[in-house]
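Order of the sequence lines sets the chain letters (A, B, ...), proteins ahead of strands, with each chain counted from 1. Here the structure is a predicted model, which is why all the values come from computation and not from measurement. What you see below is based on every heavy atom in this structure, not just the backbone, and it leaves out hydrogens, waters and symmetry mates.
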Number of protein chains: 2
Amino acid sequence: MNLSIAEENYVKAIYKLQDGDTAVTTNALAYELDTKPASVTDMAKKLKEKQLIDYEKYQGITLSSEGRKTALQIVRRHRLWECFLVDKLAFSWEEVHELAEELEHVRSEKLTNRLSEYLGNPTVDPHGDPIPDAHGKMVKPRPQTSLDQANAKRLVVTAVTDQSTALLAFLNAKGIGLGTQLEILAHYEYDNSIEIKIKHAPALTISEQVAKNIMVRPV
Amino acid sequence: MNLSIAEENYVKAIYKLQDGDTAVTTNALAYELDTKPASVTDMAKKLKEKQLIDYEKYQGITLSSEGRKTALQIVRRHRLWECFLVDKLAFSWEEVHELAEELEHVRSEKLTNRLSEYLGNPTVDPHGDPIPDAHGKMVKPRPQTSLDQANAKRLVVTAVTDQSTALLAFLNAKGIGLGTQLEILAHYEYDNSIEIKIKHAPALTISEQVAKNIMVRPV
DNA sequence: AAAATTATTTAGATTTGTCTAAATAATAAT
DNA sequence: ATTATTATTTAGACAAATCTAAATAATTTT
């Protein structure tokens, strides 16, 4: 099947938002893709026509098995290019998302597989997210929660879910990156802020909003 | 300026066809881009609006200096990706054109420059074509003519201008590739064929049509 | 130089992906 | 169980890039 870049982006976004077999809502998808709900409805009809999603009016969207396969291919390409940019071209991990967003749309299995091989068939990308192999299989992501609802005290940063340049640059400035070890000092309910301390650095306060996008696991 | 992929392809094609200050015709551009003359006229108006070309009705198209700059950037990206695919991912020179055709549209100067550096700032691509540097400067292409109008007898293949997969596979089957040394045995006018002999191989006959796309220099 | 041919442009339509505004359905609140 | 609110869909429009068919300009031929 020959998908347009727009269609690929929808499939990828549905994959990202779909948790288990819970259907993705029109509004959530519109927000994720920075577009309008009406546009999502339009595209849903097209993707249903192409059998990539299951969709009934007002019932939300789920990927079909064909759609899931397609999504995994796109995710694979995205994460491999991120590895390439970081490992080979010395980009920093917060710069690569937007570039990979473009490179991922070059749909050549041969290129993808050669790239993977060249990189030593990595199983996780620079953000800590697992890379599907050529058959769509991937290692199960390490047990991780977002920082705002972690209950352990000593944590290590494993990923950042919102990969906007703005947020990533912000975290970089604060000294927070992949692998950063930190400790939760306090969680203030009244202003939704979290006080943390990074190893060998003074304590600092971040908003819950930001903490939601920082994935961590106990260390 | 933010160009669409279609606009970039037009600029690149105009650059390719424009020889000196001779204007490119609507028909030639339509043929090159495998589209219709009417579409070229439509796009010419848009590119003129964006000041990338000089264009007056019925007078043909030439790149403006801004357009030339843009074209060189695209050509630079294309040829660097070709180098990457051949040098790093072990693609053969005839496979890379179509992939580079997609990769070239990722417009990031930082990526382009890092890629160039990673490849050792190459000055020619796997087809023997020169690669513009970050400022648009490139080495002057080696003196080469197409095989059908070469007058020297002993020649070496330096490039293939029509990089369609079909032609490249055909040449590959015949044992003709970049760097292949050959000798012109005869040029038959009455059926527009050329008889050549490749080193260490029996003589073979190719059409003038094919020979037009094989660039050679005396050896 | 008129006629024939070829090249180019215009006019109007189509597809893709998007939008706004209005209508309808689903859900939540009273 | 109505009412209010929120979510979703429909209807109609638009921009980009293309097309076909018809009109016009340029060039070549006789």
Candidates dG17(C), dT10(C), dA17(D) - which lies nearest the side chain of Met43(B): dA17(D)
Below 4.5 Å, heavy atoms only, C-beta onward: do Glu8(B) and Val11(B) meet side chain to side chain? no
Between CD of Gln59(A) and P of dA26(C) the distance, given in whole Å, is 7 Å
Any non-hydrogen side-chain atom of Leu72(A) less than 4.5 Å from a side-chain atom of Tyr15(A)? yes
Whole angstrom is fine here: how far is it from CD in Glu7(A) over to P in dT15(C)? 15 Å
Per atom distances to the Tyr55(B) side chain, the nearest of dT9(C), dT18(C), dT18(D) is dT9(C)
Distance below 4.0 Å between Thr35(B) side-chain N/O and dA17(D) OP1 or OP2: no
Consider the side chain of Lys46(A), meaning its heavy atoms from C-beta on, and name the nucleotide among dA16(D), dT9(D), dG17(C) that approaches it most closely. dG17(C)
Can you tell me which nucleotide in dG17(C), dT18(C), dT10(C) comes closest to the side chain of Ser4(A)? dG17(C)
Do Cys83(A) and Pro122(A) have side chains that get closer than 4.5 Å, going by heavy atoms? yes
From the set dT10(D), dT18(C), dA17(D), return the single nucleotide nearest to any side-chain atom of Lys57(A). dT10(D)
To the nearest angstrom, how far is Leu29(B) atom CG from dA7(C) atom P? 15 Å
Quick one: Tyr58(B) OH to dT9(C) C1', roughly how many Å, whole number? 4 Å
Please report, rounded to the nearest Å, how far the C1' atom of dT18(C) is from the CG atom of Leu33(A). 12 Å
Thr25(B) or Ile5(A), whichever maps to the more 5' nucleotide of DNA chain C: Thr25(B)
Are Phe84(B) and Phe91(B) close enough that their ring centers fall under 6.0 Å? no
Atom CD of Glu195(B): over 12 foreign heavy atoms under 6.0 Å: yes
In this structure, how many angstroms lie between the P atom of dT20(D) and the CG atom of Asp42(B), rounded? 13 Å
Ignoring backbone atoms, establish whether Tyr10(B) has a side-chain N or O less than 4.0 Å from OP1 or OP2 of dT18(D). yes
Hey, does the side chain of Asn27(A) come within less than 4.0 Å of dT6(D)'s phosphate (OP1/OP2), counting only N and O? no
With respect to the side chain of Thr41(B), which nucleotide from dT8(C), dT18(D), dA21(C) is positioned closest? dT8(C)
Atom-pair distance (CG on Leu47(A); P on dT16(C)), nearest Å: 13 Å
Lys36(A) NZ to dC14(D) P, straight-line distance once rounded to whole Å: 18 Å
